[in-house]
2 protein chains.
Amino acid sequence: MPSRNISKSVVKRLPIYLRILDQLIRRGVEMISSKELSNESGFTAEQIRKDLAYFGAFGTRGAGYNTVFLREKLLKIIGLDSITDTIVIGSGNLGTALTRYNLTKNPYVNVVAVFDENPELIGKKIDSLEVMPIEKAPGIIKKYDIKVCLITVPANAAQVVADLVVKHGVKAILNFAPAKLSVPEGVHVHNADLTIELQSLIYYSSAEEERLERLDKEAKDNKSRSSKSFSYD
Amino acid sequence: MPSRNISKSVVKRLPIYLRILDQLIRRGVEMISSKELSNESGFTAEQIRKDLAYFGAFGTRGAGYNTVFLREKLLKIIGLDSITDTIVIGSGNLGTALTRYNLTKNPYVNVVAVFDENPELIGKKIDSLEVMPIEKAPGIIKKYDIKVCLITVPANAAQVVADLVVKHGVKAILNFAPAKLSVPEGVHVHNADLTIELQSLIYYSSAEEERLERLDKEAKDNKSRSSKSFSYD
């Protein structure tokens, strides 16, 4: 089979479709059209149909998609049809929050171990897990065949940690450190950057129209100034 | 001026462009084409030109964009040309991590107060801030004219907290609670859902091609079974 070259943005939308399907199924909805999926998700119906068509023909013209069937297909496509074991490296506030969150809230992911290099944090209990020294990470990665790792260490330690886990077989890193990681081909890094979310929210926090009008006015003023200088110079 | 109807997805890309420009400027790059911005961001050059054109004509045909000029425009467009004061509600591990992160790492956002309703957490120090009782939130929102709020409380408390802050003037919420918030028109909620990031990463953690091939095979098997039943029934 030729490589499909499915883009990152398609892959990022799949879990969003999955979440919507979960909600629809809980509400007892059996069939859904791409138009309705569009209303729920904010993506266009065309985009949704195109995204899903990469993976197969899951809908019926006129009737739409069967929610339970499409959900099951999506679980298989994403790789969530079995639980994914993962490790967290960095047991500070964020690492602790993520470990707790995953242990209790996420049915698809299981945090099997948390590591730190700070002797004061080693041995600390996070729910049922005890923070382990980073030196034990290679053994745990091997034992549980870990492919996914969450990194929540400070920026200056992130690359060393990434190198270590990749060396021992990790293929996917969710990086919370504000550092750009370089990894070999075939390894994927997602940077969970809360700054981006926060900044796009700030866009909406003050009067959007007012701000954009001011910008328009500035542009016009500059234009008239520069056309003046053109005609006089 | 007519409303521009700028979509959420455009707004979410703006901070990404901003971050790339920050990096380019640090590297001493003065001009950048939309093609190069495409390489850096992963969005198509066409998409980038279209996004920026909503807000004005910032580039020069052939030469591209001046990095410093475009960065300044983007700061104004997003509303980051002055520091945004914000509050964090929920002082658990995630709230603490976000407060620390924002206090130290984010030049555009300033956490002015952290609130909790748990008496055991009230008074706890997070760097220079002391966790305050939730009852004090309305006063602080008024005093600092807070428009942006981060919610990191448990799911069952999130709606009550949202109602409270919106009632007192908050216009934008970054919600970390795994709960869907309902807010009046004109108030924006972004759900910072780490599950989505993690799930799309899991897609890459196991052999993508192998999994998709298996799915293709299943589909073919189903098809041949159903065409058989069609011809016999």
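Here is the naming used below: chain letters follow the sequence lines, and residue numbers restart at 1 for every chain.
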Asker: Stepwise, does the side chain to side chain contact (heavy atoms under 4.5 Å, CB included) test hold for A:Tyr203 with B:Ile77?
Answerer: CA-CA 7 Å; A:Tyr203 177 91; B:Ile77 292 166; 4.1 Å; yes
Asker: Could you go step by step and tell me if A:Asn93 and B:Leu94 meet the side chain to side chain contact (heavy atoms under 4.5 Å, CB included) rule?
Answerer: CA-CA 6 Å; A:Asn93 285 300; B:Leu94 189 57; over 6 Å; no
Asker: Which answer fits B:Phe176, side chain, backbone, both or neither, if we ask what part of it has an atom under 4.5 Å from a heavy atom of chain A?
Answerer: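 B:Phe176 touches chain A through side-chain heavy atoms alone.
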Asker: With respect to chain B, which residue among A:Lys180, A:Lys76, A:Arg13 yields the maximal number of heavy-atom pairs within a distance under 4.5 Å?
Answerer: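 Most heavy-atom pairs within the cutoff with chain B belong to A:Lys76.
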Asker: State, to 0.1 Å, how close B:Gln199 and A:Pro15 come at their nearest heavy-atom pair, and which atoms those are.
Answerer: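 Heavy-atom minimum between the residues: OE1-CB, 3.3 Å.
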Asker: Given B:Leu201, which of A:Ile173, A:Val148, A:Val109, A:Val11 fulfils the side-chain contact (heavy atoms from CB on, under 4.5 Å) condition?
Answerer: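 The single option meeting the side-chain contact (heavy atoms from CB on, under 4.5 Å) with B:Leu201 is A:Val148.
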Asker: Sequence neighbours excluded, which residues qualify as salt bridge (charged side-chain N to carboxylate O under 4.0 Å, His left out) partners of A:Asp85?
Answerer: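 Partners of A:Asp85 under the salt bridge (charged side-chain N to carboxylate O under 4.0 Å, His left out) test: none.
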Asker: State which residues pass side-chain contact (heavy atoms from CB on, under 4.5 Å) with A:Ile140; sequence neighbours excluded, sorted by chain then number.
Answerer: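 A:Ile87, A:Val112, A:Ala113, A:Phe115, A:Met132, A:Tyr144.
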Asker: Please report the shortest heavy-atom distance between B:His190 and A:Ser200, naming the atom on each side.
Answerer: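 Where B:His190 meets A:Ser200 most closely, the heavy atoms are CE1-OG, 3.3 Å.
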Asker: Between B:Val170, B:Thr84, B:Val189, B:Asp81, which has the largest tally of heavy atom pairs under 4.5 Å with chain A?
Answerer: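 Option with the top pair count is B:Thr84.
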Asker: A quick test of your reading: do over 12 heavy atoms of other residues, nucleotides or ligands sit less than 6.0 Å from NZ of A:Lys124?
Answerer: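 For A:Lys124, atom NZ is crowded (more than 12 foreign heavy atoms under 6.0 Å).
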Asker: Need one label for B:Leu14: side chain, backbone, both or neither, based on atoms under 4.5 Å from any heavy atom in chain A.
Answerer: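 Contact with chain A: side chain only.
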Asker: With a 4.5 angstrom heavy-atom cut-off, is it the side chain or the backbone of A:Ile16 that approaches chain B, or both, or neither?
Answerer: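 The answer is both parts of A:Ile16.
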Asker: If I measure from the heavy atoms of chain B, does A:Lys8 come under 4.5 Å with its side chain, its backbone, both, or neither?
Answerer: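 Both backbone and side chain of A:Lys8 come within 4.5 Å of chain B.
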Asker: For B:His188, enumerate each residue passing the ring pair (Phe, Tyr, Trp, His ring centres under 6.0 Å) test, keeping only those at least two apart in sequence or located in another chain.
Answerer: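 Scan of B:His188 (ring pair (Phe, Tyr, Trp, His ring centres under 6.0 Å), adjacent residues dropped) gives A:Tyr204.
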Asker: Spell out the residues in residues 17-24 of chain B that have some non-hydrogen atom less than 4.5 Å away from a non-hydrogen atom of chain A, in order of number; otherwise answer 'none'.
Answerer: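 Heavy-atom contacts from residues 17-24 of chain B to chain A are B:Leu18, B:Arg19.
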Asker: In Å, rounded to the nearest 0.5 Å, how long is the span from CD1 of B:Ile202 to CD1 of A:Ile78?
Answerer: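 Here the interatomic distance stands at 8.5 Å.
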Asker: Would you name the heavy atoms of A:Asp216 and B:Phe55 that are closest together and state the gap between them?
Answerer: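 Between these two residues, the closest heavy atoms are OD1-O, 4.4 Å.
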